[in-house]
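Report on the following structure.
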Amino acid sequence: MEPTFVSGNRILRVSEMAENLIPSEIIKLGGEIREKIAAGEQIYNFTIGDFNPAIFPIPEELKSAIIEAYQNNETNYPAANGQLELRQSVSRFLHTRGGLEYSEDQLLVAGGSRPLIYAVYRTLVDPEDKVIYPVPSWNNNHYCHLSGAKGIPITARAEDNFMPTAASIAPHVSGATLIALCSPLNPTGTAFSRTQLEAICRLVLDENRKRKETDKPLYLLFDQVYWTLTHDDNLHFDPVSLFPEMKDYTLYIDGLSKAFAATGVRVGWAFGPRKVMDKMKAILGHVGAWAPRAEQMAVAQFLQQDAALDRFLEDFTKKLHERLHGFYQGFTQLKSEGFAVDAIAPQGGIYLTVKFELIGKTTPDGKKLTTALDVTQFLLNTAHLAIVPFSAFGASRNNPWFRISVGTAKIEDIEQVLLNVKQALSQLQ
Ligand SMILES: Cc1ncc(COP(=O)(O)O)c(C=O)c1O
């Protein structure tokens, strides 16, 4: 283990948990990209699951509501479970847009969705409890580490659009505490079909029927932060809409960040059984992970403006769609020209899954590409394209699939990037 801090001769030891925590792989990659950009290189940086506000600004109505909230001096502590106005607004939003019935006391607000995911883990999981999650997926490995869980990664397959199947989860449900799912999924941009999600819900219900009333049930964390951003005729499915009995076991994670390009506004919400929400509230209260009060009041107001929401979401999803499909078609074309690439049709969210089967190939300067990280470096250095390998989402070091995030992509970038990729690939032996 590397000593983290050294003061004189003293190694400042920290907890085992902190010592062994792996920092975000994506943030690490970001440092190198920033260095290249600072050195004047034109880099197409599609690594971060974020938006360039010059391309994707937050809704005007939201921005003015935030300013107004500060002018109204909404600057003291917010309510521990979130401002009532916001919880009422979210409850209405879930009802009108998602057909879900959750009252304000089944809702918990925090400073983005992340603290809520952490709180779900801390509330449900005891050390060594089994948590099942698909690979690739976003950050479940880290939340398992933070909570001391025994992570059970399930490798999802390209032929299933990288969504986990009930058949792959089934062997692990006995004795498990939590299944962590996300749809539309980060990093793949794919989503559950009705039948896929139904089969997983049946597993959860069957397993819970087998457990005694005094046992901890098998819970489902359902992260749907991209649910308003589905494309084409892909519908969003969620556990409780499919099976009302799932309500006792499902913890939804949701929020403003991705749905309204508002990652820096920091407002997220979770909903589920009241007892679990109350415990999560107690944990987050000690952490102090509340969303700023002014932002909460603003979001409460904004979510009631149905026409503004429609206008924003229509334009936003159209722009995302143009970019995702632009890249998708470009990669499909390159594949048909014989290049070692592939892509999976995007279904929702802000990501596209692309394949670069380059391991084993040699660069013009004689370097053999042996890992996904080598391929990442090659694309960065030669095509000036920065993307994230699935190995950063828990997949193996030589997994050939990558995530392209389009939240920072200009429409005119697409052609240039595809040209750069084609030229780069043509140089490989
Ligand atoms: C699936 C998923 N859930 C949650 C989050 C975190 O969202 P927030 O910015 O609201 O904390 C992200 C961010 O990338 C995500 O991809």
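Bear in mind that the values here come from a model prediction, so they are computed numbers and not experimental data. As the structure lists them, so they are numbered: ligands from 1, and atoms in each ligand from 1. Position 1 is the first residue of the sequence, and the numbers go up from there.
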Please identify which atoms of ligand 1 are closer than 4.0 Å to at least one heavy atom of Cys182. 1 (C)
Please identify which atoms of ligand 1 are closer than 4.0 Å to at least one heavy atom of Arg266. 8 (P), 9 (O), 10 (O), 11 (O)
Would you check whether Tyr351 has a nitrogen or oxygen atom less than 3.5 angstrom from a nitrogen or oxygen atom of ligand 1? no
On the six-membered ring of Tyr44, is Lys410 placed so that its NZ or CZ lies under 6.0 angstrom from the centre and within 45° of the ring axis? no
Nearest-contact summary for atom 3 (N) of ligand 1 - protein heavy atom, Å: Asp223 OD2, 2.6 Å
Take every heavy atom of Gly255, measure it against each atom of ligand 1, and state whether any distance is under 4.0 Å. no
Option whose closest heavy atom lies nearest to atom 7 (O) of ligand 1, chosen from Ser113, Gly49, Pro115: Ser113
Do Trp401 and Phe356 have their ring centres less than 6.0 Å from each other? no
For the residue pair Tyr118 and Arg114, confirm or rule out a side-chain donor-acceptor distance under 3.5 Å. no
Quickly, which of Asp238, Ile200, Leu220 forms a side chain to side chain contact (heavy atoms under 4.5 Å, CB included) with Met246? Name it, please. Leu220
Decide if atom CD of Glu314 counts as having more than 12 heavy atoms of other residues, nucleotides or ligands within a radius under 6.0 Å. no
Compute the minimum heavy-atom distance from Thr263 to ligand 1 and say whether it is under 4.0 Å. no
Are the ring centres of Phe312 and Phe260 closer than 6.0 Å? yes
If we number the atoms of ligand 1 from 1 as shown, the ones under 4.0 Å from a heavy atom of Gly112 are 10 (O), 11 (O)
Assess the pair Phe46 and Phe327: is the distance between their ring centroids shorter than 6.0 Å? yes
Please identify which atoms of ligand 1 are closer than 4.0 Å to at least one heavy atom of Lys258. 12 (C), 13 (C), 14 (O)
